[in-house]
Amino acid sequence: MARYNLRDPRDYLAAIDFINRAKNRGVDIELKRFSPQRSNNQNSYLHLILSYFANQYGCTLVEAKEVYFKKLACEDIFKRVTSDKKGNQIECYRSTTELTQVEMSSAIQNFISYASLNGIELPMADDYMAQRICEREVEKTQYLGT
């Protein structure tokens, strides 16, 4: 699958050429917007801070992610309101897999602030030592089964 940056004049012309060739051949094409997805490092870091928060707050990892992270700390990022066929409004929450790197960074910062307001200091993304301490704390709790 080809990807074109339409702000680059050369890519723009190449995209137009691609579309014209597809048209001349009678081929259907699909166009979609490209957004860089969150990184694996962000994903690992998010899992760590959610696990540590759950450990410290006394909730499950699922509760930490779905309630405290998505609904309470980052509702503006995750909450979507749609309508069903009868016109009823339905609230739903996006998956983290749908977030771009920028959205994920914003959500993580919101969650760090939320946790801090609730007395839980989460390690920053660039604080390797604090992350290791949190990992050990989570592992110790999981090992002991508490």
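- Between the side chain of D11 and the backbone N or O of R7 there is no donor-acceptor pair closer than 3.5 Å.
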**Message:** Would Y93 and F78 count as a ring-ring contact (aromatic ring centres under 6.0 Å, His included) here? Give the steps.
**Reply:** CA-CA 5 Å; Y93 288 82; F78 289 100; 7.7 Å; no
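- Counting only heavy atoms from C-beta outward, the side chains of H47 and L61 approach each other to under 4.5 Å.
- Two rings, from Y12 and Y4, have their centers 6.0 Å or more apart.
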**Prompt:** Can F111 and L50 be said to form a side chain to side chain contact (heavy atoms under 4.5 Å, CB included), step by step?
**Reply:** CA-CA 9 Å; F111 187 61; L50 287 171; 3.8 Å; yes
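- The distance from atom CZ of F53 to atom CG of N118, rounded to the nearest 0.5 Å, is 6.0 Å.
- When all heavy atoms of A107 and C74 are compared, the closest pair comes out as O-SG, 3.2 Å.
- Enclosure of atom CZ in R80 by more than 12 non-hydrogen atoms of other residues, nucleotides or ligands within 6.0 angstrom is indicated.
- For R10, the salt bridge (charged side-chain N to carboxylate O under 4.0 Å, His left out) partners at least two apart in sequence or on another chain are D8.
- A distance of 11.5 Å separates SG of C59 from CD of E66, quoted to the nearest 0.5 Å.
- In this view, S105 and Q42 satisfy the side chain to side chain donor-acceptor pair (under 3.5 Å) rule, not counting sequence neighbours.
- Applying the side chain to side chain donor-acceptor pair (under 3.5 Å) criterion to E121, with sequence neighbours excluded, gives S116.
- To the nearest 0.5 Å, the span separating CE on M124 from CD1 on I112 amounts to 4.5 Å.
- For the pair E75 and K70, the salt-bridge criterion is not met [side-chain N within less than 4.0 Å of a carboxylate O].
- Between the OG1 atom in T96 and the CG atom in N43 there is a gap of 6.5 Å [rounded to 0.5 Å].
- Summarising the geometry of E137 relative to N55, their closest heavy-atom pair is O-ND2, 3.4 Å, with the distance given to 0.1 Å.
- Interatomic distance, CD1 of I16 versus CG of N20, reported as 6.5 Å (0.5 Å rounding).
- Rounding to the nearest 0.5 angstrom, the gap separating the CG atom in L117 from the CG atom in L72 is 12.0 Å.
- Linking Ile, Leu, Val, Met, Phe, Trp and Tyr whenever their side-chain heavy atoms come within less than 4.5 Å leaves Y45 and I133 in two separate clusters.
- Cluster annotation: V62 is not connected to Y68 through the hydrophobic network of ILVMFWY side chains, with a link wherever side-chain heavy atoms come within less than 4.5 Å.
- No donor-acceptor pair closer than 3.5 Å links the side chain of S106 to the backbone N or O of V102.
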**Prompt:** How far apart are the C-alpha atoms of R136 and V138, what are their side-chain angles, what is the distance that settles it, and do they pass the side chain to side chain contact (heavy atoms under 4.5 Å, CB included) test?
**Reply:** CA-CA 5 Å; R136 283 194 296 274; V138 169; over 6 Å; no
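- The existence of a salt bridge linking E103 and R94 is confirmed by a sub-4.0 Å separation between a basic side-chain nitrogen and an acidic carboxylate oxygen.
- Counting only heavy atoms from C-beta outward, the side chains of I29 and L31 approach each other to under 4.5 Å.
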**Message:** Before you tell me yes or no, could you show the steps for L48 and C134 under side chain to side chain contact (heavy atoms under 4.5 Å, CB included), namely the whole-Å CA-CA distance, both residues' side-chain angles and the distance that decides it to 0.1 Å?
**Reply:** CA-CA 8 Å; L48 170 65; C134 290; 4.2 Å; yes
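- The backbone N or O of A125 lies less than 3.5 Å from a partner atom in the side chain of Q131, making a donor-acceptor pair.
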**Request:** Show your reasoning for whether side chain to side chain contact (heavy atoms under 4.5 Å, CB included) applies to Q56 and L122.
**Result:** CA-CA 10 Å; Q56 297 298 302; L122 298 175; over 6 Å; no
